[in-house]
Engineer: 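Below: one structure in structure tokens.
Since the model is a prediction, treat every value here as computed from it, not as a measurement. All values below were derived from every heavy atom in this structure, side-chain atoms included, with hydrogens, water molecules and symmetry-related copies excluded. Letters go in sequence order (proteins before strands), and every chain restarts at 1.
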2 protein chains.
Amino acid sequence: MKSEIEIFREFIRKKGLRNTPERETIIEEIFASHDHFDVDELYLRLKSKKKKISKPSIYRLIPYLLESGLIQEAYFEDGHLHYEHIYGHEHHCHLRCLNCGKIIEFEEKYLKKVENRLAEKYDFLVKGHKFEVLGYCPKCKAHI
Amino acid sequence: MKSEIEIFREFIRKKGLRNTPERETIIEEIFASHDHFDVDELYLRLKSKKKKISKPSIYRLIPYLLESGLIQEAYFEDGHLHYEHIYGHEHHCHLRCLNCGKIIEFEEKYLKKVENRLAEKYDFLVKGHKFEVLGYCPKCKAHI
DNA sequence: GTTTCTATTGTAAATGAAATTCATTTCTGC
DNA sequence: GCAGAAATGAATTTCATTTACAATAGAAAC
């Protein structure tokens with residue numbers, strides 16, 4: 001299996017764009033952990049490691065990472081988008097508490113079938129899905 | 001079946017809050033159409049009907065509409081959230097083109113079962129779900 | 001109906017994520 | 001090396017959303 005960096009290099013070459021040390025640094029940091037991330041948090045993580053990367057460089061890279069299928073928007077919370085890896089990581093869905101924001105991850109294999117059915121029916125090239133179930137966690141549902 | 005306004009009045013009374021003509025006007029406008037909406041578009045719709053409602057009033061109402069189960073976040077696009085009705089309207093999911101933003105709505109009954117399973121397994125009070133399938137539409141997939 | 005308490009309103013200002021500008025730097029192909 | 005194009009960081013701008021605040025107006029108690 002190719003590494004994320006290899007996938008990105010290939011993608012960037014195909015698009016006639018250029019790879020740079022900054023981009024490699026950002027991608028390395030994103031895939032160093034298995035967790036979700038957001039721009040600000042990623043920026044601070046890079047900063048704390050003395051990597052001088054500007055926020056615009058991160059913002060400019062994200063559309064390419066999305067397009068290359070390495071990451072995906074996970075959810076919008078606290079006023080900004082959160083992303084998750086989709087290459088080389090088992091896809092998962094989110095059960096989220098509308099009150100406290102608690103997130104439980106779960107798998108749902110059936111959705112892959114739904115993807116395929118939609119791809120055929122609407123002639124889409126399907127890249128993935130986002131499935132969020134919303135409600136109130138055990139603690140919060142008691143107070144509502 | 002109760003109207004949306006009635007549901008809201010009940011909700012507001014239970015919370016010990018106050019109903020106002022402004023809130024009734026906003027709710028009326030939201031449920032006058034069956035479509036998704038976003039704050040800005042709703043604000044302009046009210047304005048064009050000579051209803052003097054400020055944007056903060058809309059922003060302040062939305063958390064209550066979410067909490068009362070009348071609406072739900074549909075998707076984040078073009079830098080802001082879009083909402084959809086969930087009370088008294090058939091739930092639907094979205095197939096979205098990552099390139100041009102085209103949206104196709106579809107139904108998927110099975111997800112209700114997933115909701116129930118999760119509610120039991122994690123002891124959540126499940127209020128709904130968001131299922132988005134992402135990819136490239138027939139037109140866009142040709143250029144990628 | 002009047003009073004009192006406090007939630008809600010609109011206006012204006014503040015916040016903060018994301019995008020953009022621009023001068024400078026750095027790839028990449030020739 | 002050179003030329004042209006793309007990427008960078010710093011600073012600025014944009015724009016959705018939130019907040020502050022003074023004025024208004026529901027709603028419950030009297």
Side-chain angles (χ1 to χ4, degrees), chain A residues 5 8-30 36-47 49-68 71 73-83 101, chain B residues 5-6 8-30 36-47 49-68 71 73-83 98 101:
Chain A
I5 280 288
F8 184 73
R9 285 180 191 140
E10 229 170 75
F11 169 81
I12 230 61
R13 191 161 34 75
K14 257 190 205 147
K15 297 265 292 187
L17 300 172
R18 291 175 195 161
N19 198 10
T20 65
E22 286 84 358
R23 289 179 171 177
E24 299 240 343
T25 301
I26 297 169
I27 292 171
E28 194 182 314
E29 185 58 39
I30 288 174
H36 301 166
F37 68 95
D38 61 71
V39 171
D40 201 59
E41 174 245 313
L42 178 62
Y43 172 72
L44 294 174
R45 235 157 75 196
L46 286 162
K47 201 173 182 179
K49 294 186 181 174
K50 312 291 178 204
K51 307 283 172 67
K52 292 205 193 318
I53 306 286
S54 70
K55 275 194 197 180
S57 290
I58 300 175
Y59 279 116
R60 282 183 283 228
L61 180 59
I62 282 177
Y64 294 139
L65 294 177
L66 290 168
E67 200 183 333
S68 64
I71 66 167
E73 293 175 6
Y75 48 88
F76 181 82
E77 201 180 43
D78 296 329
H80 56 266
L81 278 167
H82 297 245
Y83 301 90
Chain B
I5 281 288
E6 284 167 334
F8 184 73
R9 285 181 192 139
E10 230 170 76
F11 169 82
I12 231 62
R13 191 161 31 77
K14 256 190 207 147
K15 297 265 294 186
L17 300 171
R18 292 175 193 162
N19 198 11
T20 65
E22 287 84 356
R23 290 179 170 178
E24 299 238 344
T25 302
I26 297 169
I27 292 171
E28 195 180 315
E29 185 58 39
I30 288 174
H36 302 167
F37 68 94
D38 60 71
V39 172
D40 200 60
E41 175 246 311
L42 178 61
Y43 172 72
L44 293 174
R45 235 156 75 197
L46 287 162
K47 201 172 181 179
K49 294 186 181 175
K50 311 291 178 206
K51 307 282 174 66
K52 292 204 194 317
I53 307 285
S54 70
K55 274 193 196 181
S57 290
I58 300 175
Y59 279 114
R60 283 183 283 227
L61 180 58
I62 282 177
Y64 294 139
L65 294 176
L66 291 168
E67 199 184 333
S68 63
I71 66 167
E73 292 175 6
Y75 48 88
F76 180 83
E77 200 180 43
D78 297 328
H80 56 265
L81 278 166
H82 297 245
Y83 301 90
L98 290 166

Engineer: Quick test of your reading: applying salt bridge (charged side-chain N to carboxylate O under 4.0 Å, His left out), list the pairs with at least one residue in residues 36-45 of chain A, sequence neighbours left out, ordered by first then second residue.
Structural biologist: A/Glu29-A/Arg45, A/Asp40-A/Lys55, A/Glu41-A/Arg45
Engineer: Closest heavy-atom contact between B/Phe8 and B/Leu65?
Structural biologist: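 For B/Phe8 versus B/Leu65, the nearest heavy atoms are CD1-CD2, 3.9 Å.
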Engineer: Mind calculating the distance between CD (B/Glu24) and C1' (C/dT8) to the nearest angstrom?
Structural biologist: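 After rounding, the gap between these two atoms is 14 Å.
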Engineer: Can you measure B/Arg23 atom CZ to C/dG10 atom P for me and round it to whole angstrom units?
Structural biologist: 11 Å
Engineer: Side chain of A/Pro21 only, heavy atoms from C-beta on: which candidate in D/dG9, C/dC27, D/dA7 is closest?
Structural biologist: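 Looking only at heavy atoms from C-beta outward on A/Pro21, the closest nucleotide is C/dC27.
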Engineer: Using ring pair (Phe, Tyr, Trp, His ring centres under 6.0 Å) as the criterion, list what pairs up with A/Phe37, not counting sequence neighbours.
Structural biologist: A/Tyr83
Engineer: Can you name the ring pair (Phe, Tyr, Trp, His ring centres under 6.0 Å) partners of B/Tyr59, sequence neighbours left out?
Structural biologist: none
Engineer: Distance check needed: D/dA7 P versus A/Ile62 CD1, whole Å only.
Structural biologist: 16 Å
Engineer: Is a donor on one side and an acceptor on the other found under 3.5 Å between the side chain of B/Arg23 and the backbone of B/Arg18?
Structural biologist: yes
Engineer: Apply side-chain contact (heavy atoms from CB on, under 4.5 Å) to A/Ser57 and list each qualifying residue two or more places apart in sequence or on a separate chain.
Structural biologist: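 With sequence neighbours excluded, A/Ser57 shows a side-chain contact (heavy atoms from CB on, under 4.5 Å) to A/Ile26, A/Ile53, A/Ser54, A/Arg60, given in chain and number order.
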Engineer: Remember a base hit wins even if backbone is also touched, and classify A/Thr20 as base, sugar-phosphate or nothing at under 4.0 Å, heavy atoms.
Structural biologist: sugar-phosphate
Engineer: Please report the distance, rounded to the nearest Å, between NZ in B/Lys51 and P in C/dG10.
Structural biologist: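 Atom-to-atom, B/Lys51 to C/dG10, this comes out as 13 Å.
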Engineer: Who passes salt bridge (charged side-chain N to carboxylate O under 4.0 Å, His left out) against B/Glu77, sequence neighbours left out?
Structural biologist: B/Arg96
Engineer: Please tell me which of B/Ser54 and A/Glu22 maps to the more 5' nucleotide of DNA chain C, matching each residue to the nucleotide holding its nearest heavy atom.
Structural biologist: B/Ser54
Engineer: Identify, with sequence neighbours excluded, every residue that meets side-chain contact (heavy atoms from CB on, under 4.5 Å) alongside B/Ile5.
Structural biologist: B/Ser3, B/Arg9, B/Glu24, B/Ile27
Engineer: Only counting residues at least two apart or in another chain, list the ones meeting ring pair (Phe, Tyr, Trp, His ring centres under 6.0 Å) with A/Tyr64.
Structural biologist: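 Once residues adjacent in sequence are excluded, A/Tyr64 has no partner under the ring pair (Phe, Tyr, Trp, His ring centres under 6.0 Å) criterion.
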Engineer: Whole angstrom is fine here: how far is it from CG in A/Leu61 over to P in D/dG9?
Structural biologist: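 Spelled out: CG on A/Leu61 to P on D/dG9 is 11 Å.
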Engineer: Can you tell me the distance, in whole Å, between the CZ atom of A/Phe8 and the P atom of D/dA7?
Structural biologist: 9 Å
Engineer: At what angle, to 10 degrees, do the two end axes of the helix from C/dG1-D/dC30 to C/dC30-D/dG1 meet, given five pairs define each axis?
Structural biologist: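 Here the helix ends are tilted 40° relative to one another.
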Engineer: Looking at DNA chain C, which of residues 9-19 of chain B put a heavy atom within less than 4.0 Å of it?
Structural biologist: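 The stretch gives B/Leu17, B/Arg18 as the residues lying under 4.0 Å from the strand, ordered by number.
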Engineer: Quick one: list whatever passes ring pair (Phe, Tyr, Trp, His ring centres under 6.0 Å) with B/Tyr43, sequence neighbours left out.
Structural biologist: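 Not a single residue meets the ring pair (Phe, Tyr, Trp, His ring centres under 6.0 Å) criterion with B/Tyr43.
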Engineer: Provide a list of protein-nucleic acid N or O atom pairs under 3.5 angstrom, restricted to nucleotides 17-20 of chain C.
Structural biologist:
unit_1, atom_1, unit_2, atom_2, d
C/dA18, OP1, A/Leu81, N, 3.4
C/dA18, OP2, A/Tyr59, OH, 2.7

Engineer: What residues, two or more places apart in sequence or in another chain, satisfy side chain to side chain donor-acceptor pair (under 3.5 Å) together with A/Lys15?
Structural biologist: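 For A/Lys15 the side chain to side chain donor-acceptor pair (under 3.5 Å) partners, ignoring immediate neighbours, are A/Glu67.
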